[in-house]
Amino acid sequence: MNTIICGLQWGDEGKGKIVDYLTESADLVARGQGGNNAGHTVLANGKKYILHLVPSGILWGNKTCVIGNGVVMDPVGLCKEITTLEEQGITITPELLLISDRAHVVLPYHRELDAAREAALGKNKIGTTKRGIGPTYADKANRIGLRLADFHDEETARELIDIRLQEANETLTRYGLPTFTTDEVLDEVRPAIARLLPHVTNVIPTLHKAWKEKKTILFEGAQGSLLDIDFGTYPFLTSSNTTAGGACTGSGLPPTAIERVIGVCKAYTTRVGSGPMPTENDDISAYFHARGMEFGATTGRARRCGWLDTVLLRMAVMVNGVTDLAVTIVDGLDERESLKICVAYDIDGERHEFPPATRSGWDKATPIYEELPGWQSDTTAARSWDDLPENAKTYLNRLSELVGAPVSFIGNGPEREQTIIV
Ligand code: IMP
């Protein structure tokens with residue numbers, strides 16, 4: 001079954017583990033959006049792997065992994081990642097890792113432009129990962145970006161960078177940031193591009209052949225639905241379509257090829273960076289941080305934590321067309337005496353079942369909670385639905401009812417085997 005896995009919150013839902021779990025039965029694992037702003041931590045065979053751009057299917061050694069056109073690709077970052085994985089014993093060949101020739105390239109000035117944009121926003125800054133993601137997507141939309149295919153011939157790349165730097169350097173000068181010469185840019189990325197070019201190809205025929213041969217294709221989403229450029233908490237979000245549609249536009253495999261959409265959410269809510277988060281709660285944040293949990297894989301930043309927010313999830317389930325929910329880190333709530341679920345927002349005295357579109361709406365959104373008893377027992381050894389405490393089942397059933405999708409997977413620990421199939 002061709003499947004898209006997407007995050008339903010603000011990223012960091014534990015998608016990597018669900019992807020890794022489902023990869024066993026997949027032939028091909030693909031990414032269609034985002035860049036090395038993402039960070040997936042996967043524990044497998046007693047080792048810890050952190051993946052940013054490479055699909056986690058690579059850990060299996062026999063899956064074709066595809067980085068699609070919708071991904072923005074930092075060549076230096078990707079090379080570092082490949083080297084680290086190789087040092088950990090993972091094989092990465094051009095047959096196992098295919099990178100779309102249409103993927104846009106993150107260049108050194110994009111990272112500086114990211115910093116410039118954040119400086120310009122001052123206290124309204126987005127809190128980006130500073131990986132140059134927004135400026136690279138902006139260049140793509142402005143039709144002044146460079147795609148990997150442009151590097152097949154360095155002269156083409158040189159001409160395009162020359163033109164782009166005229167304006168980019170003006171902006172960087174205005175913010176007192178380092179400017180670049182074309183040679184500096186090329187020198188910085190040349191070895192990495194040379195390392196990657198054998199992997200660069202038109203991935204569309206590969207994807208379609210796999211589809212026609214009824215192979216199983218798995219799309220691994222990055223970030224989460226509330227960071228989607230269209231459906232997220234604008235402007236506090238990332239610059240790609242993180243929702244299910246992004247997998248198709250970002251790869252060349254059409255919507256008619258997709259049979260299942262798995263939406264991944266934590267049993268509570270977290271977010272990194274700035275922007276609205278109505279259920280944010282200092283007590284819950286302190287609780288997780290004291291246990292060494294909820295620090296970002298990419299930037300190490302402490303994540304903001306809060307109660308489960310089904311207003312957000314309800315919309316995310318709709319726009320992604322979620323057929324199955326995967327609820328992760330249920331064990332994270334094991335010790336809590338009681339649990340709150342946000343069922344709606346109060347905005348100016350009115351009840352809202354869906355997120356607002358305005359910034360003032362977000363500012364005023366006050367959660368309306370339902371309270372459920374906790375289970376106060378260790379769920380990490382549970383291997384089936386029946387092994388779970390009654391109160392955990394009630395919590396998960398209520399979640400499913402409130403958001404309108406069935407719970408099919410439950411994560412109750414970081415290991416591969418700590419995944420319950422419902
Ligand atoms: P950017 O994607 O670096 O431009 O960052 C934009 C926003 O998305 C910031 O709030 C980031 O913290 C957030 N973000 C980007 N990637 C991830 C991710 O993989 N997990 C969680 N948040 C992310």
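Start at 1 and go down the list; that is how both ligands and their atoms are numbered. None of the values given here were measured: they were computed from a predicted structure.
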Look at ligand 1 and say whether R271 reaches it with a heavy atom at a distance under 4.0 Å.
-> no
Salt bridge check: are R147 and D101 linked by an N-O gap of less than 4.0 Å?
-> no
Contact (N/O only, under 3.5 Å) between R301 and ligand 1 | yes
Contact with ligand 1 for G127, non-hydrogen, under 4.0 angstrom | yes
Which of the atoms in ligand 1, numbered in the order shown and given with their element, are less than 4.0 Å from a heavy-atom of D12?
-> 20 (N), 21 (C)
Give the single entry among N36, V72, T128, N37 that approaches atom 5 (O) of ligand 1 most closely by any heavy atom.
-> T128
Close-contact set for ligand 1 against V272 heavy atoms, below 4.0 Å | 10 (O), 12 (O), 21 (C), 22 (N)
Without swapping roles, check the side chain of N320 against the backbone of A316 for a donor-acceptor pair under 3.5 Å.
-> yes
Ring pair (Phe, Tyr, Trp, His ring centres under 6.0 Å) filter on H289, not counting sequence neighbours, yields F295
R111 charged N/C atom sitting above Y109 aromatic ring, 6.0 Å / 45° = no
Inspect the contact between R158 and D183 and indicate whether a charged nitrogen and a carboxylate oxygen are less than 4.0 angstrom apart.
-> yes
Is R303 close enough and on-axis enough to F288, meaning under 6.0 Å and within 45°, for cation-pi?
-> no
Sidechain-backbone polar pair: T419 side chain, E417 backbone, donor-acceptor under 3.5 Å = no
Return yes or no for this condition: an N or O of T238 is under 3.5 Å from an N or O of ligand 1.
-> yes
L237 heavy atoms within 4.0 Å reach ligand 1 at atoms 6 (C), 7 (C)
Heavy atom of the protein closest to atom 14 (N) of ligand 1 (residue, atom name, distance) | L227 CD1, 3.7 Å
For ligand 1, which atoms, with element, lie under 4.0 Å from some heavy atom of Q223?
-> 15 (C), 16 (N), 17 (C), 18 (C), 19 (O)
List for me each residue that meets ring pair (Phe, Tyr, Trp, His ring centres under 6.0 Å) alongside H352, sequence neighbours excluded, and say none if there are none.
-> none
For ligand 1, which atoms, with element, lie under 4.0 Å from some heavy atom of W10?
-> 21 (C), 22 (N)
Which residue and non-hydrogen atom of the protein lie closest to atom 3 (O) of ligand 1, and at what distance in Å?
-> T129 OG1, 2.6 Å
